[in-house]
Amino acid sequence: MNTDQEKIIGPEFLNRPVLTVAEELIGNHICRKIAGEVERHIITEVEAYDGQEDKACHAHKGRTPRNTIMFGPAGNWYIYLCYGMHWLLNIVTGPENYPAAILFRGIKNTTGPGRLTKRLQIDKSQNEKTASPQSGLWLEGATGQSQSIQIERTPRIGIGYAGKHWANVPYRFVMKG
DNA sequence: TAAGTGATCTCT
DNA sequence: GAGATCACTTAA
């Protein structure tokens, strides 16, 4: 018997290598409750940021007030303002004290991390919250669908400053079609 | 192609 | 406290 609880993606799913989690998130659902109405969107594009060695990861220079949440346990949201006007949404993954997160870059019919958060009405009020129906923002598994999708891997976007190696590793996952 | 926009971080 | 930086979007 599948209850709603069993479909929710929580720390058990997220506390694994960030690349594995990122790839498996494609095709699943991001869920948002706004004024009592629940919306579900298919995840089509994500990027992985993997630990302090990853020069593109916000935590690569060590712990700061902003990125402390990434050092915490998996399953929390990391949301920050980019270029002064765009909120970017990440989910923390991996074990405690290992800073890794996945950036949500696109959902069905909406491409771009800044547009995604605008579409879902996400801002810093969700930052550091746990992904769960109680916080109004969570992830659900789309069982049955994920077997038929095709995933493409490409280098990440907009991180040329990270150096030749880290700017070229294929840590971006996009749903084909 | 370029400019808008403001929190955060790294120096003084 | 000041200046540089930045995981983007939009309008031309």
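Because the structure is predicted, anything quoted here is derived from the model rather than measured. Reminder, nothing fancy here: chain letters follow the sequence lines and each chain counts from 1.
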Peer 1: If you look at every strand shown and take non-hydrogen atoms under 4.0 Å, does A/R115 touch a base, only sugar-phosphate, or nothing?
Peer 2: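 The residue A/R115 makes sugar-phosphate contact but no base contact.
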Peer 1: Within this structure, what is the CE-to-C1' distance between A/M85 and C/dC8, rounded to whole angstrom?
Peer 2: 8 Å
Peer 1: If you measure from the Lys or Arg side-chain nitrogens to the Asp or Glu carboxylate oxygens, is any gap between A/E152 and A/K176 under 4.0 Å?
Peer 2: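 Judged by the 4.0 Å cut-off on N to carboxylate O distance, A/E152 and A/K176 do not form a salt bridge.
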Peer 1: May I have the distance from A/H86 (atom NE2) to B/dT8 (atom P), rounded to whole angstrom?
Peer 2: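 For the pair A/H86 NE2 and B/dT8 P, the rounded distance is 17 Å.
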Peer 1: Find the distance A/H60:NE2 to C/dT5:P and express it as a whole number of Å.
Peer 2: 14 Å
Peer 1: Write down the distance between CD1 (A/I159) and C1' (C/dT5), rounded to a whole number of angstrom.
Peer 2: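 For the pair A/I159 CD1 and C/dT5 C1', the rounded distance is 16 Å.
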Peer 1: Side chains of A/Y98 and A/D50: any donor to acceptor distance under 3.5 Å?
Peer 2: yes
Peer 1: Want to settle it: does A/G158 or A/K118 sit nearer the 5' end of DNA chain C, counting the closest nucleotide to each?
Peer 2: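 Taking each residue's closest nucleotide, the earlier one in sequence belongs to A/G158.
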Peer 1: Specify the separation, in whole Å, of atom CZ of A/F104 and atom P of C/dC8.
Peer 2: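 Distance, rounded to whole Å: 16 Å.
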Peer 1: For B/dA7, what is the paired nucleotide under Watson-Crick or G-U wobble rules, both distances under 3.5 Å?
Peer 2: C/dT5
Peer 1: Find the distance A/D123:CG to B/dA7:P and express it as a whole number of Å.
Peer 2: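 That distance rounds to 13 Å.
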Peer 1: When the distance from CZ of A/R63 to P of B/dT8 is rounded to whole Å, what number comes out?
Peer 2: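 In whole Å, B/dT8 P and A/R63 CZ are 16 Å from each other.
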Peer 1: Between A/E128 and A/N76, is there a side-chain heavy-atom distance shorter than 4.5 Å?
Peer 2: no
Peer 1: With sugar-phosphate meaning primed atoms plus P, OP1 and OP2, does A/L103 contact a base, only sugar-phosphate, or nothing at under 4.0 Å between heavy atoms?
Peer 2: base
Peer 1: Verify, without hydrogens or angle tests, whether A/D54 (side chain) and A/Y49 (backbone) share a donor-acceptor contact under 3.5 angstrom.
Peer 2: no
Peer 1: Would you mind reading off the distance between A/L81 atom CG and B/dG4 atom C1', rounded to a whole angstrom?
Peer 2: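 Atom-to-atom, A/L81 to B/dG4, this comes out as 13 Å.
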